[in-house]
Structure formats: structure tokens, C-alpha cells
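Working notes, beginning with the structure itself.
In what follows, every heavy atom counts, from backbone to side chain, and hydrogens, waters and symmetry copies are set aside. Along the sequence shown, residues carry numbers from 1.
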Amino acid sequence: MPSPGSGEQPSVEPASAFPPPEDDLQRLWTPHRMVYIGGQDKPADATASSCPFCRAVAGDDEEHLVVARGRRCFVLLNLYPYNSGHLMVLPNRHVSDYVDLTPEETVELAGLTQTAVRVLRDVYGPAGFNLGMNQGEVAGAGIAAHLHQHVVPRWLGDANFLPVVGRTKALPELLADTRARLAAAWPGEAGDGEGA
């Protein structure tokens, strides 16, 4: 790179010269989550007493960003969202493995996930969703000790230059406001396992 005032023109390298190489994968870059990955707000250990999700089970809905509660599971906003409206559906019970859910927990978790998709469609009108569970730290679970299903609304163009270049994620609404909107739109009794 030439020094300022030297009269030399800077060279511009094409984007294709930088990793990742061309392949068939699309990438969702989320550098804003590095604070969390670095350990901020992570539980000290895998016990229920250290688990922020277990605190939310018995805590205040607004304080813990809880949107809806069922009999065995509940729905809350992700504190480090990929997009506005990023919800998580969790069993009340401190359990880490999907196959260890009871049949009743499995049904309710699925029903609440369906309701989450419906409510997000009604309130925000996303073009699609990412749904998924990361089991174990090696699979990307930030809090591996308490199973959680992600429901991430997606819009065309929702991944742009801001997170990559500016290390900033544009979320147009405060988490407390998102929680209030989704909780208000949540249908009837949340614990019927039917998703509505």
C-alpha cells in the first residue's frame, strides 16, 4: 500500500483473492457474537444452578425475555440474536440431549416451535426461517447443558456488510419491545402442545 501523498495509486485486490474459496456453501457471518463466544454471560458450569435458561424458568418474563410458557416448555428471545425475533424454544427441565426429552416434552417443544413460526410470520412477515438445535459444544451449542430449539426469522438481504465490515448487527427493535410484541401476539393458552 503506498503511503499518503506519494502519488502512487493504491492497488485494489479483488474479493475473490480473499478466503473463503468458492464452494457451494452460503455463510451467515455473525461476528457480533464473538463477545458471547469469548465467555460473556456463559454459565460457569453445566449445572442447573448456573444455567440462565433455568433462571428464566422461575424468573420474571420481561426480565428474562420470555415470550410464552407452556406446561413443560417455554419460548424466549435469544439475548444474542442473529436477527430480530430470534426465538428459542426450551424444555423447563434442565436436559441437554434431545433423546432424553419425555414424549410430552417433545410434543410440546414441537408445538411451541410451530406457534413461534406462526407468530413471527404474523408479526414480522419474514421470507423464511432457520430452525435448528446444536447439541454439544462441538456442534455449536453456546449453552450445551440445556437443550434449545432456535427459530430464526430470515429476510432477503438480511445478511449484509454491517456485521462483516462494521462489526455491527443492525437490529431495528429493542429486545424488550420485540418480546412485548410477540408475547401480545401469542395465541391463547401456550401449553396445549398443539402449537396454537
Side-chain angles (χ1 to χ4, degrees), residues 25-30 32-34 36-59 61 64-121 123-124 126-154 158 175 178-179 182-183 186-196:
L25 299 177
Q26 294 186 14
R27 290 170 173 81
L28 175 63
W29 299 103
T30 57
H32 61 284
R33 291 179 57 84
M34 282 307 292
Y36 179 73
I37 291 168
Q40 180 176 313
D41 297 331
K42 278 200 175 180
D45 55 48
T47 63
S49 61
S50 293
C51 179
F53 298 147
C54 288
R55 283 194 295 276
V57 169
D61 286 359
H64 293 282
L65 302 173
V66 174
V67 172
R69 293 183 183 274
R71 291 185 195 104
R72 297 169 187 88
C73 299
F74 67 107
V75 180
L76 58 79
L77 282 174
N78 191 323
L79 187 58
Y80 297 94
Y82 291 121
N83 271 336
S84 291
H86 179 171
L87 295 173
M88 294 184 293
V89 184
L90 310 90
N92 293 340
R93 193 166 57 95
H94 188 74
V95 59
S96 62
D97 198 323
Y98 183 73
V99 299
D100 290 337
L101 292 177
T102 67
E104 296 81 12
E105 287 170 328
T106 303
V107 168
E108 188 170 285
L109 190 122
L112 287 172
T113 300
Q114 288 179 331
T115 302
V117 168
R118 288 184 186 110
V119 169
L120 286 165
R121 276 190 182 133
V123 174
Y124 290 103
F129 292 89
N130 291 115
L131 303 175
M133 292 182 196
N134 303 323
Q135 280 204 228
E137 287 183 33
V138 70
I143 300 176
H146 198 132
L147 184 74
H148 49 284
Q149 166 83 33
H150 292 269
V151 181
V152 183
R154 299 298 307 274
D158 64 12
L175 289 175
T178 302
R179 191 215 73 81
L182 294 174
W186 204 271
E189 199 56 38
D192 60 11
E194 297 299 321

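- Closest approach of Glu108 to Arg72, counting heavy atoms only: OE2-N, 2.6 Å.
- The existence of a salt bridge linking Asp61 and Arg69 is confirmed by a sub-4.0 Å separation between a basic side-chain nitrogen and an acidic carboxylate oxygen.
- Residues Thr102 and Pro91 form no side-chain contact, since every pair of their non-hydrogen atoms from C-beta on lies 4.5 Å or further apart.
- Closest heavy-atom contact between Leu120 and Gly85: CD2-O, 3.5 Å.
- The two residues Ser84 and Pro153 make their nearest non-hydrogen contact at O-CG, 3.1 Å.
- The aromatic rings of Tyr82 and His150 sit tilted relative to each other, their planes meeting at an angle between 30° and 60°.
- Atom OH of residue Tyr80 and atom CG of residue Leu175 lie 10.5 Å apart, to the nearest 0.5 angstrom.
- With Asn134 contributing its side chain and Gly142 its backbone, the two residues share no donor-acceptor pair below 3.5 Å.
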Problem set entry | Step-by-step side-chain contact (heavy atoms from CB on, under 4.5 Å) determination, Phe53 to Leu147 | CA-CA 9 Å; Phe53 298 147; Leu147 184 74; over 6 Å; no
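- Rounding to the nearest 0.5 angstrom, the gap separating the NE2 atom in His64 from the SG atom in Cys54 is 11.0 Å.
- Here Leu112 contributes atom CG and Gln149 contributes atom CD; the two are 11.0 Å apart, rounded to the nearest 0.5 Å.
- Atom CG of Leu90 is separated from atom SG of Cys73 by 8.0 Å, given to the nearest 0.5 angstrom.
- Sorted by first and then second residue, the salt bridge (charged side-chain N to carboxylate O under 4.0 Å, His left out) pairs with a member in residues 79-95 read Arg93-Glu105; sequence neighbours excluded.
- Test Val119, Val117, Val75 against Val151 for side-chain contact (heavy atoms from CB on, under 4.5 Å) and you get one pass: Val117.
- The salt bridge (charged side-chain N to carboxylate O under 4.0 Å, His left out) pairs that include a residue from residues 73-82 number zero, where partners must be two or more places apart or lie in different chains.
- Taking CG of Leu109 as the reference point, atom CE of Met133 lies at 5.0 Å (rounded to 0.5 Å).
- The two residues Arg55 and Ser49 make their nearest non-hydrogen contact at NH1-O, 3.9 Å.
- Within a 6.0 Å sphere centred on CD of Glu137, heavy atoms belonging to other residues, nucleotides or ligands number 12 at most.
- Atom CG of residue Asn83 and atom CZ of residue Arg154 lie 6.0 Å apart, to the nearest 0.5 angstrom.
- The shortest non-hydrogen separation linking Pro126 to Arg121 is CD-CA, 3.7 Å.
- A search for ring pair (Phe, Tyr, Trp, His ring centres under 6.0 Å) contacts involving Phe129 returns nothing, not counting sequence neighbours.
- Closest non-hydrogen pair, Leu76 versus Ala56, comes out as CD2-CB, 3.9 Å.
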